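Read through the structure below, which is laid out as structure tokens, and then see the notes.
Letters go in sequence order (proteins before strands), and every chain restarts at 1. Values in this document were obtained by computation on a predicted structure and should not be read as measured data.
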Amino acid sequence: MTENEGKGGPTTESLTLDDIAALLVQLEPNDINDLAAIRGRLEGLADDPAVGNPAIRKLLREAAKKIAVTIDAPIEDAAPALASACRLVTAASSIQRPSDHGPGLPRPSEMSDGEIAAVAAGPVAPPPPVHAEPTEAGAERRKYSAGVVLCPPDVDTTVLGEFVTECLDYIASAEGALLALENDPYDKESIDTVFRAFHTIKGVGAMLELTAISLLAHQAESLLSPVRDGSAKFTGTSANLSLRSVDMIKACMDKVQEALNGGSPIIPEGYDDLLHELTNPEAAAKHGGALAPTEPIPVISSPPPPPPKAAAPVAAPAAAPRAAAPAAVAPVQAARPVAGPPAPVAAAPAAAPAAKTASGHIVVAAPVPAPVPAAAAEPAQPAEAGEPKKRPEQRKPAESAVESSIRVRTDRLDRLIDLVGELVIAHSMVAQDDHLIHGANHDLVRKVTHSGKIVRELQDLSMSLRMVPLKSTFQNMQRVVRDVARKCGKIVDFVTDGEDTEIDRNMANLISDPLVHMVRNSVDHGIEVPEVREKNGKSRAGRVTLAAFHAGGNVIVQLTDDGGGLDRERIFSRAAEKGLVDPNKVLSDSEVYNIIFEAGFSTKEAVTDVSGRGVGMDVVRRNIEALKGRIEITSQLGAGTIFSIYLPLTLAVTDGMLVRVGKERYIVPTVSINMSLRPEQRQLSTVSGRGEMLILRGALIPIFRLHRLFDIHGAVENPTDALIVIVTDGAQRCGLLVDELLGQRQVVAKALGAGLGRVEGVSGGAILGDGRVGLILDPSGIVNLARHSGLL
Amino acid sequence: MASDPKATALAQRKLENAGKYLTFFLESEEYGIPILKVQQIIGVTSITVVPRTPHYVLGVINLRGKIIPVIDIRRKLDMPSVEPSEANCIIVVKSNGIEMGMYVDRVNEVLLVTSDDIEDTPFFGGQVSTDYLVGIAKTQGRVRLLLDIDKALSTSELLQMAAAFSAGGDPD
């Protein structure tokens, strides 16, 4: 960053302690020139009699020494030393500023070596004696209490907006990588991804003076730093803390975004606590649920960290100031109960005492089940408890190839796609012109055909512009599975497949919510608790698979679980109880399964905060139908359930059947067409002289005359001269009487303009090949219409 | 004078409504709409009838790939319909962020209306609705009715209808 170089250069004389602290946060150990300049400045300040407080001078001298270590030392030692230097300067600067002190706290004028070492060791050191406050954590807690402004008021909104976008990308990739890390704590690539994300956010955040965000990212980065250089393992605690940091940064981004829209940016709730836990991972260990250490780490036994409250300066000096940096790492490991691939839930309480003796800390085994990372936890046989388990599924290595791309504003992209759509229509109007078709100018026909090819290719390309892989959607589900499984005390192995399958960007956004619901349901209702699974001869860990693939012009998203399956009888009796079905009716399997999509239906006896209220699945079906998709269930009792969501390739193009009624033409979505036929008189019957029915293979299907519903003149009145298009509206079928079928069309569905509001029976419009607007029918709307109009 | 709040409000309103107007004819009456609201003027293209919409909605048209509704302003103002002619055209306006077509007999001219030209709409009693007018402009010895385009094209009735319908009621 050129800006930093400018600041760190010859102008260091004007830097305040705060500036130096901020710079140290951003600098890398290999920025030797800048570090040397800062070191010079610190030494200068330490020797400067104008700096009255000897404690500050001492701190600064120590910080300068740390930087000297940084410059000389190999890179692995440099990072912690740099971090300590940063903490020392921060401490010094907070002593310097009286405003940071509580009124009751005396300003220290003298600090012992031990206290300084404690400050240098930072987050893992025991809190220094009260009079030596503030430690960094203490200072920060006061500094960032709730309600503080998150970003400076005079910030450039454009730059900030770009930062938010960029940040969210980083956050998303970090989240994915963190979840991958839970399965494979040694995955270098993932840890680098997370690290890079935090690092960039820290750097850019500091540049934009978003101190709170920058600081949080910094602490998260420091937390993972020992993992990155291999001196510590990625554990359940670090996973939890990192994920929470990710969430917190996300929350901060939301607030910043609010600020961009004119709100006042307030630091989100919980920020202080998280920052405190990041600086004191041991507290986090208590908070997040302890895990048993799986491998004793040699450093744990020495030096024994003193109990938290008895902050004994006696113990701290044991570590000489210079040794403070490596020591800083050791207690981190000690305090973080190392779990690696997590120990089985059941084993956690038993192992807790071990944690106590090993680290010298009392590690409370939380009543909640220990974090069960979704994919990794397999049923652990007691014998192998404590050993890192092999992951059941060998994950593909994360793709590292960086594709070259540029950011384009979506409105421009949409405009381009619209324009291409217009071009296609304009071209087809030329191509279908009578002069061309019946003319004798073969040369012109050839030219038009040629341009037609280019136009089609352009259309294909423009359609692909909006396509995004389902990867990020699937990654979010991983998080859902993890959280829900934890809440329900289940062990779930989550597998994704085909996450590179591409889908329209808008659709990817819209499918996310229903998927969350379904995945939750699969974990909560589908997968049984480990004990039940064992009794049924299954592995303790359930498996939920989310797969996506192309088939028959659709994208199919399939959610499979190997849980209990749907209980046909139970669903039926429950539905009959609730009056949702007629108890005497004989239903097919799929009809019974479809009941679970009815509003208010739930087989779950107890309502939990995860699911069971009977809202959800109906919303799921509605959402998916809004996407012009449909959902199918296959299930086997005791063996599992498969939900298949069929989605069109893109939202923009609807497959439709063009039908004519009188002089009007309508488009019926192909997805809802069952069949079409010309009825014979004997197939037709009426109910009380009005409602018309078609008898088809023993089933009675109501018929709606489109020309009556839509008041169209000149249409065919006699059904035997017309055609009946049988459409399915979710659960039931009905027939639409039309004059003729004009053929299949792929149309771009558009709204009828905001001015019209909602038109019952019509879901939108599309521009047909001749440039006219054709209306797209909405079968379920038509059924409603017919009911309300009393035509049924 | 200036201290009279009523007069001040009137002067203020006149000032607001001064500006350039596009005028068009409905029969022999000449109406004006603020030029800034006008997007474009197009010839009459084929209009697709949308079923179950109010009588003044003629249907929808394809405006360069966009679908916009077209309103027959005669029907909206309760004027009798006439045979279509060559001069008929559709004025595409944007009101409250919504694009709509306005079917008119013929377009006349763009006219500068100063605040001095504007007078309040006189009261005609219950027989004649002047809801859609913001005022009357007298220029070059002729009278132009200044249309409140937002009200005239208001879709609130449509939206209300949709709401009533989804609530289970029948709009007819």
### Message
For A:Arg412, is the CZ atom crowded, meaning more than 12 foreign heavy atoms sit under 6.0 Å from it?
### Response
no

### Query
Side chain, backbone, both or neither: which part of A:Ala426 has a heavy atom under 4.5 Å from chain B?
neither

#### Entry: Neighbour count above 12 (heavy atom, 6.0 Å) for B:Lys66 NZ
no

### Query
Can you list the residues that meet the side chain to side chain contact (heavy atoms under 4.5 Å, CB included) rule with B:Ile35, with sequence neighbours excluded?
B:Lys20, B:Leu22, B:Val110

### Query
Do A:Arg665 and B:Thr48 touch side chain to side chain, with heavy atoms closer than 4.5 Å?
no

#### Entry: Options B:Thr45, B:Ile68, B:Ile61, B:Val50, ranked by heavy-atom pairs under 4.5 Å with chain A, top entry
B:Val50

### Message
Other residues, nucleotides and ligands only: do more than 12 of their heavy atoms fall within 6.0 Å of NE2 on B:His55?
### Response
yes

### Message
Within the 4.5 Å heavy-atom criterion, are A:Leu775 and B:Pro51 side-chain neighbours or not?
### Response
yes

### Query
Should A:Glu422 and B:Arg64 count as an ion pair when the cut-off is N to O under 4.0 Å?
yes

### Message
Using a 6.0 Å cut-off, check whether atom CD of A:Glu457 has over 12 heavy atoms from anything other than its own residue.
### Response
no

### Task
Select one option (side chain, backbone, both, neither) describing which atoms of A:Val773 are under 4.5 Å from chain B's heavy atoms.
both

### Task
Using side chain to side chain contact (heavy atoms under 4.5 Å, CB included) as the criterion, list what pairs up with B:Leu58, not counting sequence neighbours.
B:Ile47, B:Val70, B:Asp72, B:Arg75, B:Tyr103

### Query
Which distance, rounded to the nearest 0.5 Å, do you find between the CG of A:Leu785 and the CZ of B:Arg52?
4.0 Å

#### Entry: Residue part contacting chain B, namely of A:Ile712, when any heavy atom lies under 4.5 Å
neither

### Query
Quick check: are there more than 12 heavy atoms from other residues, nucleotides or ligands sitting under 6.0 Å from CD of A:Gln744?
yes

### Query
Are any non-hydrogen side-chain atoms of A:Arg772 and B:Asn62 less than 4.5 angstrom apart?
no

